[in-house]
Amino acid sequence: MKKKLVSFFIFILSNSSYASSYTFTASANKTTVQPGDEVLITLDISNIDAGTEGINVVETTLLYDTSVFEEFNFIDKNDWKSTYNSNQGELHGKLLYTKMVSGVSKDEEIGKLQFKLKKDLPEMETQIKLLQVTSNDGFELMNEGDRVITLKIVKDSSTVVPEKPDEPGNNEIDNNVIDGNNTVVD
């Protein structure tokens with residue numbers, strides 16, 4: 001009986017599948033920005049459990065609003081090389097980081113995304129999205145999901161004109177309603 005039980009556990013252990021994994025992090029140096037600011041997003045991989053070879057590729061779809069940013073650059077780190085494919089004027093493209101020297105099995109920064117905001121922006125929020133982040137261990141895909149950076153664009157308080165207080169006697173309530181077509185309805 002003991003031989004059969006030991007044989008059964010050995011069979012299960014030898015036929016169980018190994019699931020590789022890693023963690024992908026995208027973090028901005030600041031999330032509250034002003035028009036004209038530069039934002040750096042650091043891309044890191046960590047907690048790599050992908051066999052002895054490690055990983056040497058990270059792929060994602062980069063999505064951002066081109067009407068908000070005037071400039072966008074890649075800064076490669078630690079022998080990682082970036083490749084970006086998008087058509088002029090598109091809001092997205094495929095981003096691929098590869099490391100041809102060797103696979104990585106320890107925590108490492110793979111690069112930075114450098115965004116420069118336009119100077120004539122209103123106060124608003126915008127997002128930089130890294131969608132469907134994946135890597136592989138040479139045999140199977142390792143999905144990390146999406147990473148979204150939300151930026152809040154604010155005006156410099158020294159350039160904001162304070163609102164004028166209501167004048168005395170001007171406290172009437174405006175009963176006009178604006179419909180979805182920006183038409184005043186009484």
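Since the structure is predicted, the reported quantities are computational estimates derived from the model, not experimental observations.
- The backbone N or O of Phe24 sits less than 3.5 Å from a side-chain atom of Glu144, completing a donor-acceptor pair.
- Under the side chain to side chain contact (heavy atoms under 4.5 Å, CB included) rule, Lys112 has a single partner from Ile41, Asn73, Thr42, Asn29, which is Thr42.
- Using cut-offs of 30° and 60° on the angle between ring planes, the pair Phe72 and Tyr64 is tilted.
- Under 4.0 Å is where a charged nitrogen must lie from a carboxylate oxygen, and between Lys99 and Glu108 at least one such pair does.
- Listed for the Glu123 side chain is a donor-acceptor partner under 3.5 Å among the backbone atoms of Lys155.
- Listed here is the closest heavy atom pair of Ala28 and Val39: CB-CG1, 4.2 Å.
- Put simply, the side chain of Asp107 gets close to the backbone of Asn47: a donor and an acceptor are under 3.5 Å apart.
- In this structure, the side chains of Leu117 and Val68 come closer than 4.5 Å at one or more pairs of heavy atoms.
- Ring planes of Phe115 and Phe69: tilted class, angle from 30 to 60°.
- Under the 3.5 Å distance criterion, with hydrogens and angles disregarded, a donor-acceptor pair is assigned to the side chains of Ser67 and Asp65.
- With a 4.5 Å cut-off on side-chain heavy atoms, Leu43 and Glu109 do not count as touching.
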Please determine whether side-chain contact (heavy atoms from CB on, under 4.5 Å) holds for the pair Phe74 and Tyr97, giving the CA-CA distance in whole Å, both sets of side-chain angles, and the decisive distance to 0.1 Å. CA-CA 10 Å; Phe74 296 99; Tyr97 274 93; 3.8 Å; yes
